[in-house]
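See structure below.
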There are 2 protein chains.
Amino acid sequence: MSLPSATGLGTDALAGRSRILDIAAALFVEQGYEATSLRQIADAVGMKAGSLYYHFASKDDLLTAVLDIGMEVMHTAFDAAELATVDASAGTRIEAHVRAHLAALYEHGPYTAAHVVTLRTAPAVVRAAVVPTRDAYEARWADLLASLQSAGDLDADIDLHVARLALFGAMNSSVEWFDPARGGLDEVAGTIAHQFWNGVAR
Amino acid sequence: MSLPSATGLGTDALAGRSRILDIAAALFVEQGYEATSLRQIADAVGMKAGSLYYHFASKDDLLTAVLDIGMEVMHTAFDAAELATVDASAGTRIEAHVRAHLAALYEHGPYTAAHVVTLRTAPAVVRAAVVPTRDAYEARWADLLASLQSAGDLDADIDLHVARLALFGAMNSSVEWFDPARGGLDEVAGTIAHQFWNGVAR
DNA sequence: GTCTATACCACGATAGAC
DNA sequence: GTCTATCGTGGTATAGAC
């Protein structure tokens with residue numbers, strides 16, 4: 001199972017629809033969905049605004065396509081982390097999943113980052129299309145943490161719901177301060193995972 | 001030093017400028033800045049769009065005013081937490097500050113939440129006006145953590161920059177999932193503080 | 001599959017009456 | 001301090017030529 005075509009290299013790299021998606025996702029992340037106009041996207045792609053409608057039925061539809069790809073990337077990353085750590089210790093599994101989540105945010109284009117940044121205030125139609133997949137992803141994390149807790153590896157007194165959302169907040173907030181171009185993703189992942197698992201107290 | 005007039009009860013509650021600020025802040029949080037129109041704000045306030053310009057020079061100016069109030073609330077909350085825990089243990093101080101930050105997010109209207117939600121993609125003029133105050137607030141946290149680290153209360157191996165940003169991410173993300181109307185702020189603050197300080201491992 | 005041209009609308013903002 | 005009325009701009013979206 002390969003990555004969505006928009007993020008991979010097709011018959012010729014960055015052509016047509018894929019190229020539009022790449023650029024739109026990047027602009028949505030930078031400026032937000034509402035603040036990004038179709039004219040601006042078309043400009044960056046190198047075409048006229050009207051031509052976008054050959055590929056997408058509406059601006060909302062374009063955002064939905066971007067977010068769908070983002071969610072597919074997240075699920076794929078989770079799969080891989082799960083497979084790679086079937087027999088590992090609880091701490092190792094957590095670290096692998098944190099690393100996978102962060103890698104998904106940055107290593108397959110701005111699709112997943114767009115998800116983090118735009119979903120909350122996205123138009124209702126878009127939310128309705130994307131939220132179920134998002135919930136499924138969150139449920140996988142919830143299950144992971146619950147299994148660690150019932151195995152006795154995770155503090156029994158912890159409110160798993162809040163703990164998970166706080167971890168998500170920590171990881172996802174990195175889109176505001178982490179610059180993938182400057183590198184250091186591994187260190188960030190290590191710090192966040194360690195902090196979540198062991199805390200910062202001496 | 002009292003809270004900004006917009007959040008307190010003036011000579012008559014929720015009048016004029018304060019009322020506009022309250023409602024605008026709430027709509028900005030719900031829908032985002034760009035997606036919220038002046039007509040919509042005016043509607044909710046009970047006046048016509050043009051009348052808003054008696055109180056604010058522009059939409060950007062209105063957002064700036066909202067965010068300024070939000071930052072003032074944050075600084076005030078930090079002051080109070082600092083005063084209340086001068087001689088306390090490191091863990092207690094952290095918990096007090098986490099609690100204060102979260103309380104600031106929810107107990108003085110949507111001003112601070114608006115900050116979290118809109119600042120990143122706000123127009124350049126707005127950012128230029130607000131970012132310095134935001135940076136000052138972040139610097140106070142950085143100083144707090146650095147002092148705990150040099151006192152030996154906080155793990156010397158931790159990257160304080162990433163740790164602080166991850167904590168901010170955890171706290172601020174609560175605007176996406178915590179409903180102040182349903183209560184439970186204290187528990188959430190406790191969980192996030194505990195998690196930051198001690199981790200979730202058993 | 002991309003173009004030009006344009007319809008139609010909502011936006012932020014202004015002017016002047018009251 | 002709020003109203004009505006309106007201006008100019010830029011937005012999404014459509015139609016039809018190429």
Side-chain angles (χ1 to χ4, degrees), chain A residues 5-6 10-28 30-67 114 118 121-129, chain B residues 5-6 10-28 30-67 114 118 121-129:
Chain A
S5 60
T11 43
D12 65 340
L14 297 182
R17 197 182 144 99
S18 303
R19 186 169 152 73
I20 298 171
L21 286 165
D22 273 348
I23 287 171
L27 289 172
F28 291 160
E30 263 176 55
Q31 309 178 331
Y33 176 63
E34 304 280 352
T36 303
S37 73
L38 292 178
R39 296 200 220 270
Q40 192 180 6
I41 294 169
D43 242 42
V45 171
M47 54 169 64
K48 299 297 172 181
S51 308
L52 293 172
Y53 285 86
Y54 175 79
H55 302 277
F56 302 94
S58 67
K59 192 189 178 188
D60 282 358
D61 186 52
L62 172 53
L63 176 59
T64 304
V66 165
L67 299 186
T118 66
T121 54
V125 222
V126 178
R127 284 187 57 82
Chain B
S5 60
T11 43
D12 66 339
L14 296 183
R17 196 182 145 99
S18 303
R19 188 168 150 73
I20 298 171
L21 285 165
D22 273 349
I23 288 171
L27 289 172
F28 291 159
E30 264 176 53
Q31 309 178 330
Y33 176 62
E34 304 279 351
T36 304
S37 72
L38 292 178
R39 287 172 161 90
Q40 192 180 6
I41 294 169
D43 242 41
V45 171
M47 54 170 63
K48 298 297 173 182
S51 308
L52 293 172
Y53 285 85
Y54 175 80
H55 302 278
F56 303 94
S58 67
K59 192 189 178 189
D60 283 356
D61 186 51
L62 173 53
L63 176 60
T64 304
V66 165
L67 299 186
T118 67
T121 54
V125 222
V126 178
R127 284 186 57 83

So which protein N/O to nucleotides 16-18 of chain C N/O distances come out below 3.5 Å?
none

Short side-chain N/O contact from A:Y53 to OP1 or OP2 of D:dA13, under 4.0 Å: yes
Contacts of type side chain to side chain donor-acceptor pair (under 3.5 Å), residue B:Q31, not counting sequence neighbours: B:T36, B:Q40
Restricting to side chain to side chain contact (heavy atoms under 4.5 Å, CB included), what partner residues turn up for [X], sequence neighbours left out?
X	result
B:A49	B:R39, B:A42
B:D60	B:Y33, B:S58, B:P123, B:V125, B:V126
A:T121	none

Residues from residues 32-52 of chain A lying under 4.0 Å of DNA chain C - heavy atoms: A:M47, A:K48, A:S51
Value rounded to 0.5 Å, distance of CG in B:L52 from CZ in B:R17: 11.5 Å
Separation of C:dA13 P from B:F56 CZ (nearest whole Å): 13 Å
Euclidean distance, atom CG of residue A:D61 to atom C1' of D:dT12 [Å, nearest integer]: 13 Å
Criterion side chain to side chain contact (heavy atoms under 4.5 Å, CB included) on B:T64 and B:F56, from CA distance to verdict: CA-CA 10 Å; B:T64 304; B:F56 303 94; over 6 Å; no
A:H55 side-chain proximity, nearest of D:dA13, C:dG1, D:dG1: C:dG1
Closest contact, heavy atoms only, A:V45 versus A:I20: CG2-CA, 4.0 Å
A:F28 and A:I41, any side-chain heavy atoms less than 4.5 Å apart: yes
